Amino acid sequence: MIALFYGVTGAAAAEAYVESVPLPSAPIEPQASTLYFRDATTILARVGTVDHSDVPLSAIPVEVRKAILAAEDRDFYSHGGVSMRGVVRAVVADVSGGRQGASTITQQYARNAFLTQDVSMGRKAKEMALSVQLERKYTKDQILERYLNTIYYGRGAQGIAAAAHAYFGITPQQLTPAQGAVLASVIKDPWGFDPANDATAARKRWNWVVKAERDLNWLPGALEYPAVSAATAKNPGADGIFIDRVERELARHGVNSQMLHTGGLRVVTTLDTTAQKAAVQRIAAKLKDQPAGLRAALVALDPQTGGVRAYYGGAERGYFDDALASHPAASTFKPIVLAAALDKGISALSKWDGRSPRLFPGRLGVPLKNHHNLQCPYCTLQTSMVDSLNTPFYAVTEQIGVTAVRDMAWELGISRKYGSTPTLVDVKGDPKPGKTRADIAIGRYAVTPGDLASVYATFAAGGVRHDRFFVQTADDAGGKRLYTAVPKSTPVLDQAVAADVTSVLSAVVSSDKLAPGRPAAGKTGSQQWGNTKETQDAWMAGYTPDLATTVWIGKEKPGPIRDKNGKPINGETVPARLWSDFTRAALTGSPKVALPEAAHVGRTDVGDAGLAKNIAKKGTDGRRGESIGEGGKPDGDSKLGFGTPVVHTAGTGKRLALTFDDGPSSYTPQVLAILKQYGIKATFCMVGEEVENYPATVRQIVAEGHQLCNHSWEHDDLGQMSASAAKADIQRTDAAIAAAAPGATITYFRAPYGSWGASAKEGAKLGHTPLGWLVDPDDWLLPGAGVIAQRIEDQLTPRAVVLVHDGGGEREQTVEALTKLIPKLKREGWTFDLPERTIDAKPQPGPSPSKTTPSPPSSPQPSQTQPADQTQPTDPPSAGPGTSGSPDPQTSSSSTPEGVEQPQDAGSEDDHEDDRK
């Protein structure tokens with residue numbers, strides 16, 4: 001009886017409340033919202049629906065209505081206007097600080113047509129009361145018609161007629177079931193589920209709607225995702241792209257797109273009037289008259305709050321935002337490596353080996369070079385930063401570990417994911433998908449201009465990361481506060497460490513003469529385009545104590561970037577000048593603030609400078625290929641351990657070793673004829689299946705005293721194989737070579753693409769010295785014989801192993817290039833040698849070599865017909881370089897001799913920047 005009493009009186013009270021809430025005669029007219037700069041008085045833009053017209057329900061295909069009902073309210077025709085389960089869920093969410101929309105179409109219509117957008121218990125109660133009254137006054141079809149003509153679909157379109165035109169350029173009557181599912185998808189999040197903004201999320205939501213229709217048996221046939229019209233920015237230009245960011249940020253805090261576009265809100269952004277004007281004007285000036293296709297991005301932050309003071313993601317580009325697109329960071333990433341090193345107790349004044357090129361264990365035979373091959377054997381990290389050297393920072397990263405560098409980047413402000421893709425790791429097609437390599441040190445991995453600005457802002461803030469944000473406040477049309485930003489700050493770096501980073505980067509700015517008329521710090525960066533001398537991304541990131549800014553110049557799709565004079569654009573040119581000009585203009589009238597003094601944290605005696613000198617004096621154990629220190633024990637510091645590819649000639653001095661890949665082929669006899677003409681012995685790395693096609697050529701190679709090299713069975717990427725699979729591949733190729741030339745010795749093994757993985761050690765175990773290279777003219781691209789020859793000359797330094805091809809494509813130009821280049825090199829005093837060996841190679845099984853299938857003798861001496869410069873034996877004695885069988889007493893070391901400049905790298909994905917003269 002008590003329960004019945006309270007139930008009856010409660011129902012009576014509820015009915016009384018419903019009757020007390022007046023039902024307006026007409027919906028509230030949509031009002032445009034006003035966005036202000038951070039001064040809260042200067043108007044940035046007005047945002048509102050500009051496309052609206054009502055249509056009768058009969059003009060909307062039934063299939064389209066069903067798609068919207070499946071997405072928003074599949075029980076619409078059976079409930080009384082209110083879903084109690086949905087209301088309870090919404091109330092709980094709102095009370096707990098979350099956001100949960102009304103669950104029925106009637107409630108959504110009541111909310112959007114008659115109520116303000118505040119979040120409160122009172123508004124929820126009014127919404128329910130109005131929903132009940134609507135259900136009593138109108139039919140279900142009338143409510144659905146009003147809903148479809150009132151709801152916001154994005155792209156400035158209110159109502160289904162405007163939406164059909166905005167997304168498909170048609171009238172509602174022409175909408176197909178698949179198109180209807182697109183419109184049903186965007187209602188939940190008009191910006192986030194717009195295919196123009198997030199195609200993946202839009203497709204996923206569309207699939208969900210279609211599945212819901214099928215589950216309800218409302219969709220008899222299969223659907224294909226329809227073509228959607230490109231979005232047209234309602235606020236074109238740089239400001240329009242910034243408004244997109246404002247819209248997304250408000251949506252994350254419960255102020256959805258419909259509220260922004262129809263609710264007459266007052267939104268105060270973080271954008272600074274002077275700074276934004278400076279960004280737009282100066283980018284337009286810098287890009288004026290430049291080649292078509294160049295794009296720019298600029299993000300400027302307040303280091304003390306994270307507020308975005310200027311934002312440029314492109315002009316007249318619809319919804320595409322270059323400030324959110326990720327690109328390899330190149331040398332602008334090096335300050336992160338420095339911060340990680342300082343955090344580990346390594347001083348900025350510690351000395352490192354900055355010679356170029358250098359071999360590192362993680363690169364397995366692919367050398368790393370500095371831009372312009374700059375040399376600095378005893379280089380502090382500060383000097384290395386000023387001169388933008390690669391090898392010292394790579395060495396630091398290998399010493400402290402890639403995890404320390406990656407974690408530091410995340411802590412400083414790099415996002416851990418872009419969408420669903422993890423950052424700072426190899427992707428599919430890279431050597432180690434899902435893993436981070438030490439190439440992170442040279443900016444191998446892509447980051448966004450916005451994230452990089454956050455990193456540099458953290459340095460400027462003394463090690464405190466302030467998450468960037470775009471909106472300060474948002475009020476409804478009645479002045480009620482809907483949202484107030486609460487900037488998030490996190491100390492991530494010791495203040496003394498941040499001060500040392502700033503001190504080093506201020507030296508960079510001073511050296512480059514980029515200072516914007518006040519104390520500043522920063523770093524340029526240029527990402528190489530493929531294996532060319534072109535650049536594809538040019539960066540400048542820098543800061544003063546009150547403004548941190550990142551500038552990027554590039555293209556939508558990676559490719560060479562050149563200025564109007566045809567010169568490559570690198571970090572120190574357009575981006576650096578743009579950053580300096582912008583910073584100067586943006587801070588006009590602001591007091592000059594000094595940068596912090598260096599704190600000089602860390603030890604100075606932890607660098608690797610000088611270690612290469614010691615390694616060069618040590619011998620090599622030919623049985624295992626390990627460098628040997630005092631007492632004949634393996635030396636842990638050695639860069640030439642077991643299975644490490646060799647990249648130098650056996651002898652010292654002005655020598656080079658020619659190696660040929662991907663043969664034998666129909667071009668190999670022409671190559672052999674050139675080599676015979678000049679008395680040169682070379683190495684031929686052969687693919688197993690090609691050996692079977694040209695067995696006579698293999699025998700000719702052996703007969704003429706050249707070295708053999710296993711180059712896999714069919715040029716597969718052995719680096720992705722297991723050790724056992726790589727071993728089987730090498731053995732199969734060995735067998736093919738032995739069948740073609742019984743009893744021949746296969747001295748070397750080279751992994752295709754330089755992707756070694758476990759194959760280097762497996763090849764060594766099978767008796768082959770792993771063979772790398774230092775010079776690669778990239779003759780795959782067929783640039784012309786003259787270009788091929790010039791590329792070899794440009795990269796050539798003493799003792800370099802040179803990689804060219806005699807198979808795998810059209811090789812006329814390669815043959816022509818050798819014809820021109822070899823006599824020129826000989827005139828310049830170059831001699832031709834064979835690569836050094838670290839493994840004792842043995843003849844393959846088979847009968848003793850005959851006159852037609854000879855194998856190289858174990859220790860031949862130069863013949864009378866051999867040119868004077870051919871002093872290296874055809875096949876060095878089995879004990880390896882440095883035995884008495886070698887005519888050159890200098891060959892006792894498998895490492896780079898002291899005082900011999902290392903050769904240049906070509907073919908790695910390094911930051912070959914031109915930031916320093």
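As the structure is a prediction and not an experimental result, all values here were calculated from the model. Index from 1, following the sequence. Computation of the quantities below employed the complete heavy-atom set of this structure, encompassing side-chain atoms and omitting hydrogens, waters and symmetry-equivalent molecules.
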(message) Assess, by modelled atom type and distance only, whether the side chains of Arg750 and Thr683 contain a donor and an acceptor separated by less than 3.5 Å.
(response) no
(message) I need the minimum non-hydrogen distance between Thr524 and Gly571, along with the two atoms involved.
(response) CG2-O, 3.6 Å
(message) Between Arg363 and Asp439 (salt bridge meaning N to carboxylate O under 4.0 Å), is one present in this structure?
(response) yes
(message) Considering only residues two or more places apart or on different chains, which pairs with a residue in residues 344-384 satisfy disulfide (SG to SG under 2.5 Å)?
(response) Cys376-Cys379
(request) Kindly say whether Gly525 contributes a backbone atom to a donor-acceptor pair with the side chain of Gln527 at under 3.5 angstrom? (result) no
(request) Return yes if some donor-acceptor pair links the side-chain N/O of Gln813 with the main-chain N/O of Ala817 below 3.5 Å, else return no. (result) no
(request) Work out which heavy atom in Leu774 is nearest to a heavy atom in Ala800; give both atom names and the distance. (result) CD1-CA, 4.0 Å
(request) Starting from the C-alpha separation in whole Å, work towards a yes-or-no answer on side chain to side chain contact (heavy atoms under 4.5 Å, CB included) for Phe749 and Ser759. (result) CA-CA 9 Å; Phe749 161 70; Ser759 69; 3.7 Å; yes
(request) Identify the two heavy atoms, one from Ala341 and one from Val396, that lie closest to each other, and give their separation to 0.1 Å. (result) CB-CG1, 3.6 Å
(message) Do Gln844 and Ile737 make a side-chain contact, defined as non-hydrogen atoms from C-beta onward lying under 4.5 Å apart?
(response) no
(message) Strictly distance-based, threshold 3.5 Å: is any side-chain N or O of Asp608 a donor or acceptor partner for the main-chain N or O of Asp353?
(response) yes
(message) Ignoring hydrogens, what is the shortest heavy-atom contact between Pro558 and Gln536? Give both atom names and the distance.
(response) CB-OE1, 3.8 Å
(message) When you measure from the side chain of Asn570 to the backbone of Ser526, do you find a donor-acceptor pair of N or O atoms at a distance under 3.5 Å?
(response) no
(request) Answer with yes or no whether the side chains of Thr391 and Arg358 bring together a donor and an acceptor at under 3.5 Å. (result) no
(message) I'd like to know if the side chain of Ser722 pairs up with that of Ser724 as donor and acceptor (distance under 3.5 Å, no hydrogens or angles considered).
(response) yes
(request) Say whether Asn390 and His371, considering side chains only, have a donor N or O and an acceptor N or O under 3.5 Å apart. (result) no
(request) Enter the distance from Asp806:CG to Leu658:CG here, rounded to the nearest 0.5 Å. (result) 11.5 Å
(request) Could you list the residues that satisfy side chain to side chain donor-acceptor pair (under 3.5 Å) with Gln731, not counting sequence neighbours? (result) none
(request) State plainly whether the residues Asp794 and Lys533 are in salt-bridge range, i.e. N to O under 4.0 Å. (result) yes
(request) Provide the closest heavy-atom pair for Ile839 versus Pro770 in the form atom of the first, atom of the second, distance. (result) CG1-CD, 4.5 Å
(message) Is it the case that the side chain of His711 and the backbone of Asp661 share a donor-acceptor pair, with hydrogens and angles ignored and the cut-off at 3.5 Å?
(response) no
(request) Determine yes or no for a side-chain-to-main-chain donor-acceptor pair under 3.5 angstrom, with Arg655 supplying the side chain and Thr652 the backbone. (result) yes
(message) With rounding to the nearest 0.5 angstrom, report the OG to CG distance, Ser326 to Leu452.
(response) 12.0 Å
(request) Evaluate the criterion side chain to side chain contact (heavy atoms under 4.5 Å, CB included) for residue pair Leu796 and Leu825; output intermediate values, then yes/no. (result) CA-CA 10 Å; Leu796 200 56; Leu825 292 176; 4.0 Å; yes
(message) When you measure from the side chain of Thr745 to the backbone of Thr747, do you find a donor-acceptor pair of N or O atoms at a distance under 3.5 Å?
(response) no
(request) Provide the closest heavy-atom pair for Tyr748 versus Glu836 in the form atom of the first, atom of the second, distance. (result) CE2-O, 3.5 Å
(message) If I take atom CE from residue Met408 and atom CD1 from residue Ile400, how far apart are they, to the nearest 0.5 angstrom?
(response) 8.0 Å
(request) Hey, could you give me the CG/CD1 distance between Leu821 and Ile788, rounded to the nearest 0.5 Å? (result) 10.5 Å
(request) Applying side chain to side chain contact (heavy atoms under 4.5 Å, CB included), run through Ser350 and Arg603 and close with a yes or a no. (result) CA-CA 7 Å; Ser350 59; Arg603 296 172 54 185; over 6 Å; no
(message) With a 3.5 Å distance limit and no angle check, can you tell me whether Thr649 reaches the backbone of Ala657 through a side-chain donor-acceptor pair?
(response) no
(request) Decide yes or no for Phe660 and Thr814: does some side-chain heavy atom of the first lie under 4.5 Å from some side-chain heavy atom of the second? (result) no
(message) Are Pro367 and Trp773 packed together at the side-chain level, in the sense that at least one heavy-atom pair is separated by less than 4.5 angstrom?
(response) no
(request) Please tell me if the side chains of Ile440 and Phe333 come closer than 4.5 Å, counting only heavy atoms from C-beta onward. (result) yes
(request) Indicate yes or no for a side-chain donor-acceptor contact from Glu534 to the backbone of Pro568 under 3.5 Å, with no hydrogens or angles considered. (result) no
(message) Can a side-chain donor-acceptor contact be found between Asp426 and Tyr445 if the only test is distance below 3.5 angstrom?
(response) yes
(message) With rounding to the nearest 0.5 angstrom, report the CG to CD1 distance, Asp500 to Ile346.
(response) 13.0 Å
(message) To the nearest 0.5 Å, what is the distance between CG on Asp729 and NE2 on His715?
(response) 11.0 Å
(request) Apply side chain to side chain contact (heavy atoms under 4.5 Å, CB included) to Phe684 and Val671, showing your working. (result) CA-CA 10 Å; Phe684 287 82; Val671 173; 4.1 Å; yes
(message) Does Lys432 have more than 12 heavy atoms from other residues, nucleotides or ligands lying within 6.0 Å of its NZ?
(response) no
(message) When you compare the side chain of Ser356 with that of Leu374, does any pair of heavy atoms fall below 4.5 Å?
(response) no
(message) Between Val455 and Ile414, is there a side-chain heavy-atom distance shorter than 4.5 Å?
(response) yes
(message) Quick one, Met385 and Leu505 - any side-chain contact, counting heavy atoms below 4.5 Å?
(response) yes
(message) Between Thr733 (side chain only) and Ser712 (backbone N and O only), is there a donor and an acceptor less than 3.5 Å apart?
(response) yes
(message) Ring-plane angle category for Phe360 and Tyr394, please: parallel below 30°, perpendicular beyond 60°, tilted otherwise.
(response) tilted
(message) I want to check something: taking the side chain as every heavy atom from C-beta on, are Leu708 and Ile701 in contact at a cut-off of under 4.5 Å?
(response) yes
